[in-house]
Amino acid sequence: MISERTQAAIDRFKSKADGPLLEIEGIRKEFPGVVALDDVRLSLRRGTVHALMGENGAGKSTLMKIIAGIYTPERGTIRLRGDEVTLSGPLDALERGIAMIHQELALMPYMTVAENIWIRREPLNRLGLVDHAAMARRTRDLFARLNIAIDPLTEVRFLTVAQRQMVEIAKAVSYDSDVLIMDEPTSALTETEVAHLFAIIRDLKSRGIGIVYITHKMNELFEIADEFSVFRDGRYVGTHASNEVTRDDIIRMMVGRDITDMFPKEPADISDTILSVDGLSLDGVFHDISFDLRKGEILGLAGLVGSGRSNVAEALFGVTPATSGRIRIDGQAVRIASPADAMKHGMAFLTEDRKETGCFLPLSILENMQLAMLQDQNVRLGFVEQRAVNRQCAEMRETLRVKTPSMDERIENLSGGNQQKVLIARWLLTRPRILILDEPTRGIDVGAKAEIHRLISRLAGQGVAVIMISSELPEVLGMSDRIMVMHEGHMTGILDRAEADQVKIMELAAR
Amino acid sequence: EKIGVAMSLFDDNFLTVLRHNIQRHADEMGVEVQMEDAQGDIARQQSQIENFAASGVDGIITMLVDADSGRAMSKIAEEAGVPLVFVNMLPANMETFPEKQAWVGSDEEQAGRLEATEVCKLLEGKGKAVILLGQLGTTGQRGRTKATEEVLAGADCKGIEVLDQQTANWMRTPALDLMTNWITSGMQPDAVISNNDEMALGAIQALKSAGVSMDDVVISGVDATQDALSAMETGDLDVTVYQSAKGQGEGALETVLKIARGETFDQRVTVPFELVTPQNLADYKARN
Amino acid sequence: MDNVQIEPAARKARRLPADLGILMVLVGVALVFEIMGWIFQGQSFLMNPQRLTIMILQVSVVGIIAIGVTQVIITGGIDLSSGSVVAMTAMVAMSFAQAAGYDRAVYPSLTGLPVLVPLAIGLGLGLLAGIVNGQLIARTGIPPFIATLGMMVTARGFAKWYTKGQPISFPTDGFAAIGNGALPVFIFLGVAVIFHILLKYTRYGKFTYAIGANAQAARVSGINVQRHLVKVYALAGLLSGLAGVVTAARAETAQAGMGMMYELDAIAAAVIGGTSLSGGRGKIFGTVIGTLILGLMMSGFTFLRVDAYYQEIVKGVIIVAAVVADTYRQKGRGKAGI
Amino acid sequence: MDNVQIEPAARKARRLPADLGILMVLVGVALVFEIMGWIFQGQSFLMNPQRLTIMILQVSVVGIIAIGVTQVIITGGIDLSSGSVVAMTAMVAMSFAQAAGYDRAVYPSLTGLPVLVPLAIGLGLGLLAGIVNGQLIARTGIPPFIATLGMMVTARGFAKWYTKGQPISFPTDGFAAIGNGALPVFIFLGVAVIFHILLKYTRYGKFTYAIGANAQAARVSGINVQRHLVKVYALAGLLSGLAGVVTAARAETAQAGMGMMYELDAIAAAVIGGTSLSGGRGKIFGTVIGTLILGLMMSGFTFLRVDAYYQEIVKGVIIVAAVVADTYRQKGRGKAGI
Ligand SMILES: Nc1ncnc2c1ncn2[C@@H]1O[C@H](COP(=O)(O)OP(=O)(O)OP(=O)(O)O)[C@@H](O)[C@H]1O
Ligand SMILES: Nc1ncnc2c1ncn2[C@@H]1O[C@H](COP(=O)(O)OP(=O)(O)OP(=O)(O)O)[C@@H](O)[C@H]1O
Ligand SMILES: [Mg+2]
Ligand SMILES: [Mg+2]
């Protein structure tokens with residue numbers, strides 16, 4: 001054990017000289033029916049952040065999983081600190097100093113935060129038993145270093161998505177590895193936490209760690225990355241220093257065309273009030289929320305993580321019904337005790353947690369897409385009118401550019417961004433009058449994002465009322481007609497499109 | 001007086017009759033009985049006997065799950081000082097009974113012997129037979145099968161060839177399936193020797209639906225249940241063996257009471273099996 | 001989507017329905033029996049229509065249950081009560097099916113009733129047991145394992161208590177006809193077709209899969225999960241009731257010990273046929289094949305005169321081998337492991 | 001992250017061990033029996049040391065298995081083979097434990113061996129069965145249900161085949177002593193303590209929970225999931241072997257029919273005790289309580305002279321009621337439903 005460590009230290013020292021930390025060449029990876037990667041390369045230097053860009057399904061996560069020892073490539077070489085290596089599995093990768101934060105959260109819900117972080121590396125006492133006190137202490141130390149305020153003894157299932165993400169980050173950091181892979185670590189974070197994460201990353205950089213960073217957010221690229229590589233359709237496109245290029249250059253490399261307008265907000269004809277919320281509260285979670293929503297209007301919902309935005313949306317849709325307050329639709333007081341009730345009133349709700357409340361992982365894309373639309377119009381005598389449904393689903397697949405060989409593919413095998421598109425399709429297919437979107441473009445590439453924005457805008461133009469929760473302020477600002485800001489379960493203000501800007505929102509959100 | 005009765009299995013047809021006879025006789029005598037069902041599990045039966053001893057019954061009657069578990073049961077009762085009477089199944093430790101213990105029952109091998117001898121006679125010592133076994137490993141299956149094999153190996157019956165023997169777990173439907181499988185494999189047995197009546201009845205159903213005339217096949221079972229006697233009446237079943245549930249039940253209850261009251265008793269009370277054929281059928285119709 | 005590369009060959013392989021694998025296993029096992037039949041018995045195993053019928057006949061009762069259990073397992077649940085419900089419904093149905101003039105009938109004044117009466121009573125009782133299972137699971141949120149275990153014990157107890165352990169025999173000819181000849185086979189296959197359609201083409205089916213795949217997501221997608229679960233368990237109960245009627249009619253008697261361990265055979269048939277115990281995956285077709293594999297073994301062993309003492313050992317090995325073979329075939333198609 | 005609020009009150013409620021609920025159910029059921037004891041029998045149910053011992057004694061074999069099964073279920077698996085492995089190990093161990101000079105011994109030349117021999121053979125055979133289960137599951141990736149179902153059928157078949165159905169009896173006094181008096185109770189409780197520590201305070205335990213909670217996450221954390229699963233099933237097999245030895249020693253005989261359906265009782269004990277069949281959750285303490293609830297019912301029914309015909313009906317209802325009560329208590333603590 002000790003000799004192994006020493007050896008590793010010696011190795012690190014030797015390679016410290018210079019030359020890339022990690023070098024990858026000629027990698028090919030196939031899944032049945034899909035070539036996910038073909039002849040790709042990547043070179044990571046010490047003390048740098050190397051961003052990986054590309055459309056959804058370009059193969060970014062797949063490459064990272066190869067580096068982390070989870071997949072074995074069909075072809076290609078991996079050189080770590082100058083030596084060619086063959087990774088026999090995740091453990092091998094970890095022991096060689098490669099750690100990874102996964103795109104899909106991978107925590108054990110019924111274990112504590114500390115247990116999750118130190119799994120397989122639990123501190124033992126003299127009897128060889130797990131020393132829980134030491135483990136908690138170590139976690140506190142780690143969290144103190146990273147400036148994270150989460151109780152190490154809480155079970156992970158009680159944490160919000162954002163907190164879980166921070167735990168994942170802490171866990172990956174705790175391996176003290178040379179190579180750190182981050183697969184869309186900020187998709188569940190708001191700007192404050194993102195800033196926090198960047199502080200951590202800068203610190204790691206200064207210690208000589210090399211970081212591969214996957215993101216779909218352009219601004220992050222310029223802020224944190226030293227250089228970046230672009231993949232398209234499983235192929236390597238190019239590598240550049242991030243200060244040499246512009247946003248549009250990158251988008252062109254990624255998508256192969258220009259995207260002029262990220263927020264194609266069309267002026268909609270905002271008419272009658274369709275939804276009216278009055279004094280809505282859920283004991284201990286949020287309080288006294290009141291607002292009106294009109295046809296054709298897009299209402300943005302901004303706030304920090306944990307401010308209760310998702311809870312309000314869940315209450316409106318009957319997932320966790322509110323304990324007091326009143327909801328009126330078309331002026332009629334309604335009781336929404338379950339999502340089924342909400343759907344009867346023409347509501348639709350894209351949830352924020354793709355894995356927990358979104359995807360039916362073992363089922364096909366088609367099944368996933370069609371499920372919510374199987375109300376009266378697409379079902380006759382209990383039988384699904386499959387031909388009509390298939391047609392609508394196929395159209396939606398085109399519109400949203402879902403990248404898949406077939407609609408019968410399991411959604412499990414799709415890339416994260418493509419799963420998100422399928423879920424958006426599920427709700428659009430119900431032809432809602434009130435559409436609630438919680439982080440709709442999480443994990444979606446720029447091209448598709450603009451597409452989805454255009455779609456939302458078009459729906460609003462057709463008179464659909466939209467509530468959109470987003471942790472990306474530019475998105476909220478770019479798309480909303482009005483913006484409601486929340487702070488710790490309270491509504492702190494509603495801003496009009498004209499008067500809203502980042503500063504005002506942050507003031508209301510942080511107060 | 002309170003008597004605990006630990007039965008091996010409630011689902012069994014013969015044991016049901018035995019149980020009812022104990023109950024009926026107890027009611028007549030004004031004795032309180034409590035019945036437990038071990039569901040064929042030795043350990044469960046052991047626990048039930050322990051529970052009886054702990055709740056202070058005046059005596060215990062048990063129909064063992066298996067003969068070899070007798071010793072453990074004897075020990076429990078002896079330590080608790082409670083009288084114990086084994087009914088129906090002969091415990092393996094019969095010879096070394098402690099005081100206050102006795103056996104009332106019939107000898108399984110005798111049943112098999114009566115059954116097989118009669119079948120042999122009806123076949124005039126030659127032909128082809130299949131044997132339907134009860135649940136493998138149970139005392140009834142072992143004793144009856146052993147005796148059957150012995151009889152068929154004897155000088156008079158050597159001409160009878162056993163085509164196959166398989167288990168149907170004492171039950172009718174599995175026997176029906178098994179027999180049908182045999183028939184489709186091209187077997188044409190002259191006799192079906194079954195460890196009990198239920199399986200014999202299943203075999204009859206299979207043979208009938210295969211169009212075999214019941215006059216051409218000898219069917220035998222053990223227990224003389226109501227269903228079996230009816231089948232004999234219609235000429236389907238040829239041989240069965242009557243086991244006196246009444247004799248065993250009443251004998252067991254009376255013996256345990258004798259021990260409890262400190263009267264003299266026999267350590268071994270045998271109630272013989274009796275052969276039932278269409279000739280003496282009428283005598284048994286009203287018995288069980 | 002133009003950019004996705006699809007090699008035609010690979011794609012074709014994947015489009016082969018997954019349950020074809022287990023069908024091939026069935027064929028494989030059958031062929032082994034066939035060859036051994038020629039070697040040891042000097043005759044064909046398969047070329048005997050009667051044997052093929054009996055092969056299905058003897059598992060048709062388990063098969064009927066297995067179909068109901070399959071949809072329960074697809075929702076991520078389990079039904080342990082089916083074997084006991086078979087016993088309970090067999091007893092009760094038979095008590096209303098006794099032939100006129102049978103002097104020891106359970107209800108001497110209710111003999112010789114038309115066959116519809118016991119049939120309706122049997123199905124109704126099964127349905128009731130299923131509804132109780134479903135309500136328990138949906139309303140109290142206890143694990144299906146416990147709810148149906150409770151029903152398993154209770155229904156078996158009820159079957160024993162009903163006539164204090166006495167068997168019930170001598171049905172009317174009409175009732176016995178339900179179990180006559182190959183009728184149970186047709187009932188089994190009919191039920192299979194109906195449930196195949198139900199699961200594949202109706203909203204009921206789509207919801208069943210969705211709940212098993214992700215109950216939370218199902219609820220958020222507007223499915224009334226509770227109500228749907230009650231329906232699923234109710235249908236499973238109904239099929240157990242049907243199985244009870246068929247088995248009683250076939251044996252021409254009803255006994256409290258009937259259907260013992262059938263729940264396990266039924267679950268095994270479903271799982272052998274590719275239904276995943278973690279929910280969301282499974283097909284009636286697979287279950288039918290799984291049931292047939294069980295039937296094949298029963299017939300095959302008798303046919304080959306495998307020593308009774310070896311049969312179980314061999315049976316265990318075959319079950320495992322069948323599923324291993326199927327798993328490997330699927331792995332060959334490049335599915336990721338854990 | 002300063003905005004993460006965990007209210008102290010809410011947190012404290014959360015920290016109450018969840019298995020306290022099922023303990024309260026145990027106490028509740030015991031009290032009901034106590035009160036009914038005074039009413040109907042005019043004596044105390046609980047104030048009888050003999051009865052309390054028997055209560056645990058009669059479930060200690062099931063309890064030993066249940067502990068092994070609990071850790072299997074925590075990994076998200078299941079073990080159906082335990083009851084049959086009990087029978088198999090009982091038979092084989094007993095055949096090496098026969099008293100010297102017993103003329104019908106299975107191995108006439110190997111009688112009167114020291115007790116360690118049959119003990120080691122029994123444990124070893126159980127371990128072997130467990131390893132086979134584990135290897136099948138880990139290497140071939142077939143569902144644990146199928147692998148252990150195969151073992152269930154095979155081990156039972158082996159037990160029957162071993163002496164062609166003949167029981168094996170007349171053990172040495174040393175061997176019989178293993179089952180004597182309250183020793184099985186101590187074995188059961190000792191095993192419980194060991195496994196409690198194993199699951200709670202060792203890496204073995206952490207891995208077990210991690211695999212059940214999220215096998216994928218466990219794998220990417222560097223746990224060798226396959227190898228760990230083999231260990232878990234091996235230990236479960238070892239405990240089944242121990243249970244086989246104890247049950248044979250207690251009955252002073254070994255029979256092929258022993259341990260029938262114990263697997264179901266063991267799983268029930270675990271699930272009643274709060275172990276989740278979907279994996280990742282469960283505690284040995286809960287399983288012990290679950291086992292005791294089963295034992296309590298057996299003793300209680302005999303004590304109250306509940307008619308055997310009603311016993312099963314009542315037992316089914318109590319199992320369900322116990323879990324429902326526990327579920328409601330937990331819901332009261334603010335857990336969301338589906
Ligand atoms: N296990 C799998 N089985 C089959 N196909 C897969 C599997 N995993 C990934 N793919 C396919 O490989 C391709 C690359 O997926 P990958 O997850 O690497 O994309 P990505 O670049 O990370 O996209 P995103 O930005 O959406 O996360 C996609 O077409 C995806 O459908
Ligand atoms: N079921 C629940 N019971 C009690 N508290 C809850 C529950 N669900 C969420 N909370 C708490 O309510 C607060 C608001 O969470 P919510 O997810 O609504 O925030 P959000 O603004 O949408 O942030 P995010 O970006 O993480 O989604 C959090 O502190 C969370 O811990
Ligand atoms: Mg990805
Ligand atoms: Mg949210």
Side-chain angles (χ1 to χ4, degrees), chain B residues 7 9-20 23 35 37 39-40 130-133 135-137 141 145 163-187 197-198 201-202 204-206 208-211 225-228 230-231 288, chain C residues 37 41-43 45 48-55 57-61 87 90 102 104 156-157 159-161 163-170 176 179-182 246-248 250-261 295 298-309 311-312:
Chain B
M7 300 295 290
L9 193 63
F10 269 27
D11 296 345
D12 183 272
N13 285 341
F14 171 75
L15 295 182
T16 300
V17 181
L18 174 62
R19 205 165 70 234
H20 289 179
Q23 183 74 56
M35 304 257 182
D37 178 8
Q39 296 168 23
V130 289
I131 305 179
L132 283 167
L133 308 178
Q135 195 176 4
L136 294 183
Q141 178 263 325
T145 311
L163 295 173
D164 198 4
Q165 53 181 41
Q166 298 280 1
T167 181
N169 288 321
W170 299 126
M171 289 184 286
R172 202 183 291 196
T173 324
L176 164 57
D177 292 332
L178 181 58
M179 194 66 224
T180 315
N181 275 325
W182 272 331
I183 296 168
T184 30
S185 307
M187 283 188 207
D197 283 341
E198 273 299 309
L201 294 176
I204 290 172
Q205 275 180 330
K208 273 188 173 171
S209 47
T225 60
Q226 281 302 322
D227 287 10
S230 304
N288 271 344
Chain C
Q41 305 295 329
Q43 55 167 295
F45 173 61
N48 183 331
Q50 210 189 340
R51 178 150 43 231
L52 292 182
T53 313
I54 177 80
M55 211 181 83
L57 194 57
Q58 64 198 1
V59 286
S60 51
V61 168
Y102 177 48
R104 298 221 220 168
R156 180 72 63 191
K160 289 183 187 172
W161 162 84
T163 54
K164 300 273 170 190
Q166 299 279 10
I168 311 177
S169 306
F170 296 101
N180 256 357
V246 171
T247 204
R250 192 157 171 248
E252 299 190 15
T253 181
Q255 317 215 350
M258 271 175 162
M260 196 74 87
M261 301 271 241
M298 284 177 69
S299 287
F301 287 154
T302 316
F303 169 65
L304 292 176
R305 306 202 195 163
V306 178
D307 186 311
Y309 289 106
Q311 280 193 15
E312 290 190 50

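Order of the sequence lines sets the chain letters (A, B, ...), proteins ahead of strands, with each chain counted from 1. Note that this is a predicted model, so its numbers are computed, not measured.
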Visitor: Can you tell if the side chain of B:Leu18 reaches within under 4.5 Å of the side chain of B:Met7, non-hydrogen atoms only?
Guide: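 Yes, their side chains come closer than 4.5 Å.
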
Visitor: Do B:Asp197 side-chain atoms and B:Ala228 backbone N/O form a donor-acceptor pair below 3.5 Å?
Guide: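 Flag not set: sc B:Asp197 to bb B:Ala228 has no pair under 3.5 Å.
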
Visitor: Is chain C contacted by the side chain of B:Leu136, its backbone, both, or neither, given a heavy-atom distance below 4.5 Å?
Guide: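 For B:Leu136, the contact with chain C is made by the side chain alone.
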
Visitor: May I ask you to decide if C:Phe45's main-chain N or O and C:Arg51's side chain share a donor-acceptor pair within less than 3.5 Å?
Guide: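 Present.
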
Visitor: Count the heavy-atom pairs under 4.5 Å between each of C:Arg250, C:Met260, C:Gln311, C:Gln50 and chain B, then report the option with the highest count.
Guide: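 Option with the greatest count: C:Arg250.
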
Visitor: Please identify, among C:Thr253, C:Asp307, C:Val306, the residue contributing the most non-hydrogen atom pairs under 4.5 Å to chain B.
Guide: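 Going by pairs under 4.5 Å, I would pick C:Thr253.
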
Visitor: How long is the straight-line distance from CD of C:Gln58 back to CE of C:Met298, given to the nearest 0.5 Å?
Guide: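 Interatomic distance, C:Met298 CE to C:Gln58 CD, rounded to 0.5 Å: 4.0 Å.
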
Visitor: How about C:Ser169 and C:Arg104: do any of their side-chain heavy atoms sit closer than 4.5 Å?
Guide: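 Contact flag for C:Ser169/C:Arg104 side chains = no.
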
Visitor: After noting the C-alpha distance and the side-chain angles of B:Thr225 and B:Glu198, does the key distance pass the side chain to side chain donor-acceptor pair (under 3.5 Å) rule?
Guide: CA-CA 8 Å; B:Thr225 60; B:Glu198 273 299 309; 5.0 Å; no

Visitor: Picking from B:Met187, B:Gln165, B:Met171, which has the most non-hydrogen pairs under 4.5 angstrom with chain C?
Guide: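 When all of B:Met187, B:Gln165, B:Met171 are compared, B:Met187 has the most.
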
Visitor: For the OG1 atom of C:Thr247 and the CG atom of B:Leu176, what is their distance to the nearest 0.5 Å?
Guide: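 Atom-to-atom, C:Thr247:OG1 and B:Leu176:CG are 9.5 Å apart.
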
Visitor: What part of B:Gln39 gets within 4.5 angstrom of chain C, counting heavy atoms only: side chain, backbone, both, or neither?
Guide: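 Only the side chain of B:Gln39 comes within 4.5 Å of chain C.
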
Visitor: Over all heavy atoms of both residues, which pair between B:Asn181 and B:Thr184 is shortest? Give the atoms and the distance, please.
Guide: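 For B:Asn181 versus B:Thr184, the nearest heavy atoms are O-OG1, 2.9 Å.
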
Visitor: Picking from C:Gly37, C:Pro167, C:Ala256, which has the most non-hydrogen pairs under 4.5 angstrom with chain B?
Guide: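 The option with the most such pairs is C:Pro167.
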
Visitor: Taking side chain as everything from C-beta outward and backbone as N, CA, C, O, which of these in B:Thr16 sits under 4.5 Å from a heavy atom of chain C? Side chain, backbone, both or neither.
Guide: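 Contact with chain C is through the side chain of B:Thr16 alone.
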
Visitor: Tell me, side chain or backbone of B:Asn169 under 4.5 Å from chain C's heavy atoms, or both, or neither?
Guide: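 Contact with chain C involves no heavy atom of B:Asn169 at all.
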
Visitor: Among B:Leu9, B:Thr167, B:Thr180, B:Ile183, who wins on heavy-atom pairs under 4.5 Å with chain C?
Guide: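 So the answer, after comparing B:Leu9, B:Thr167, B:Thr180, B:Ile183, is B:Thr180.
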
Visitor: Among C:Met55, C:Gln166, C:Gln43, which residue forms the greatest number of heavy-atom pairs with chain B at distances under 4.5 Å?
Guide: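 Sorted descending by pairs with chain B, the first entry is C:Gln166.
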
Visitor: Sort C:Phe170 into side chain, backbone, both or neither according to what part of it lies under 4.5 angstrom from a heavy atom of chain B.
Guide: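 Side chain of C:Phe170 only, per the 4.5 Å heavy-atom cut-off to chain B.
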
